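Nothing here was measured: the structure is a model prediction, and the numbers come from that model.
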Amino acid sequence: DDLKFDSVLLKQANKKGFKCLAAATGEDGLMLAAKYKPQAIILDMELPGINGHKVLLELKSNPAIRHIPVHIISANERSLEPIKEGAIEYLMNSQDSKTGAWKGRWGVNYIYGTSAVLIGLMSVGEPAGKDYVKKAVKWLKSVQNKEDGGFGESTQSYTNREWIGRGVSTPSQTAWALMALIAVGEAKSETAKKAADFLVESFEKAGKWEDLSTVGTGHPGIVYMEY
């Protein structure tokens, strides 16, 4: 909504080799986005006409352009809602379409990633009843080791999909799964109970929790760590 700032930003972008289109209103911005499908969008939340919140909602509701990254700028905006919406959109797009799980990085692998995502989603108020959330929870329950009630996943899952969610049970990976189950309201489920029993029993046997399989990831396929 600041034409002077708009002009400065446009000039700087052109100097960097970017081809840019500028819109003075939310309505114009939506029209240009739909017509030209740019590689990225810079969105002012205080646009005249349709404001930035509504523009963002329209952008993310349109299957043809919802994939376009949106960078938000505003001198007055203090709401975290646009950030939340953008983060959830990213997570939905990066969810494994077959399993419903999410890949992890610092922990191995899909168990860690799925736990982190589910806990994060619940912390910002995303309903556990959403289909994509339920799909992830169903997957998590399905990979529990029936022999001991724990959870485990081999580092081989980074290169071989057959190993996704499969491996010897470890306290770390079982705890990650249990925390996710609690976060989504499954604390009283049989899956959660068996996971908790595994953690208690493994501690009572050794007097400590010790992972018998590598559960930390530095760089997949290159560096792994033990906790």
Side-chain angles (χ1 to χ4, degrees), residues 84 87-88 90-92 94-227:
K84 170 187 167 182
I88 290 176
Y90 169 80
L91 291 173
M92 292 179 69
S94 59
Q95 185 178 28
D96 187 83
S97 59
K98 184 176 181 180
T99 64
W102 283 273
K103 183 181 291 188
R105 179 60 182 268
W106 296 112
V108 181
N109 172 4
Y110 285 83
I111 290 175
Y112 176 80
T114 302
S115 173
V117 170
L118 290 176
I119 292 170
L121 289 171
M122 296 306 103
S123 71
V124 297
E126 185 74 345
K130 290 285 189 71
D131 287 343
Y132 79 102
V133 176
K134 290 194 295 184
K135 185 176 182 179
V137 175
K138 181 179 180 180
W139 172 83
L140 190 60
K141 287 183 173 183
S142 74
V143 298
Q144 184 176 39
N145 288 327
K146 295 180 180 179
E147 299 80 8
D148 55 20
F151 287 79
E153 185 173 0
S154 167
T155 57
Q156 294 183 71
S157 62
Y158 283 103
T159 56
N160 185 344
R161 288 186 60 87
E162 294 297 321
W163 284 95
I164 291 177
R166 294 179 54 205
V168 61
S169 295
T170 68
S172 291
Q173 290 165 322
T174 302
W176 295 334
L178 181 57
M179 288 189 294
L181 291 170
I182 293 171
V184 298
E186 293 281 343
K188 295 183 179 181
S189 67
E190 191 65 22
T191 306
K193 182 181 181 300
K194 289 180 179 179
D197 287 343
F198 169 83
L199 291 174
V200 172
E201 291 170 7
S202 61
F203 185 84
E204 289 177 344
K205 286 180 181 179
K208 61 181 178 179
W209 282 299
E210 184 177 4
D211 294 322
L212 300 179
S213 177
T214 301
V215 297
T217 309
H219 297 279
I222 302 174
V223 178
Y224 295 103
M225 300 166 287
E226 294 183 359
Y227 292 159

State, to 0.1 Å, how close [X] and [Y] come at their nearest heavy-atom pair, and which atoms those are.
X    : Y    : value
W163 : S154 : CE3-CB, 3.7 Å
A180 : L118 : CB-CD1, 4.1 Å
A187 : A192 : O-CB, 3.5 Å
A177 : L140 : O-CD2, 3.8 Å

Consider ring-ring contact (aromatic ring centres under 6.0 Å, His included). Of F151, W102, W176, W106, which one does Y112 pass it with?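 Per the ring-ring contact (aromatic ring centres under 6.0 Å, His included) rule, the option paired with Y112 is W176, out of F151, W102, W176, W106.
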Set out, in order, the CA-CA distance, both residues' side-chain angles and the distance that settles salt bridge (charged side-chain N to carboxylate O under 4.0 Å, His left out) for K138 and D131, then state yes or no. CA-CA 10 Å; K138 181 179 180 180; D131 287 343; over 6 Å; no
Roughly how far, to the nearest 0.5 Å, is the [atom2] atom of [Y] from the [atom1] atom of [X]?
X    : Y    : atom1 : atom2 : result
R105 : H219 : CZ    : NE2   : 6.0 Å
L178 : K193 : CG    : NZ    : 12.5 Å
T174 : M179 : OG1   : CE    : 11.0 Å
T170 : L199 : OG1   : CG    : 9.0 Å
K194 : N145 : NZ    : CG    : 11.5 Å

With respect to I164, which candidate in R166, E162, R161 satisfies the side-chain contact (heavy atoms from CB on, under 4.5 Å) definition?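 One option only clears the test, and that one is R161.
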Is there a donor-acceptor pair under 3.5 Å between the side chain of [X] and the backbone N or O of [Y]?
X    : Y    : result
D148 : G150 : yes
S123 : G120 : yes
D211 : S213 : no
Q173 : I111 : no
E153 : G167 : no
Q144 : T191 : yes
K135 : S97  : yes

Check against side chain to side chain contact (heavy atoms under 4.5 Å, CB included), T99 and D96: CA-CA 6 Å; T99 64; D96 187 83; 2.9 Å; yes
Are side-chain heavy atoms of [X] and [Y] found at a separation under 4.5 Å?
X    : Y    : value
L121 : I88  : yes
T217 : T155 : no
V133 : M122 : yes

Please work out which of the three classes, parallel, tilted or perpendicular, describes the rings of Y224 and Y158, given edges at 30° and 60°.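 Taking Y224 first and then Y158, their aromatic rings sit tilted (interplane angle of 30° to 60°).
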Assess whether a salt bridge exists between E190 and K141, defined as any Lys/Arg side-chain N lying under 4.0 Å from an Asp/Glu carboxylate O.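 The answer is no: the pair does not qualify as a salt bridge.
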Answer yes when K130 and E126 have at least one side-chain N-carboxylate O distance shorter than 4.0 Å, and no when they do not.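 Yes, K130 and E126 are salt-bridged.
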Quick check on Y132: does its OH atom have over 12 non-hydrogen neighbours (other residues, nucleotides or ligands) under 6.0 Å away?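 Check passes, neighbour count above 12.
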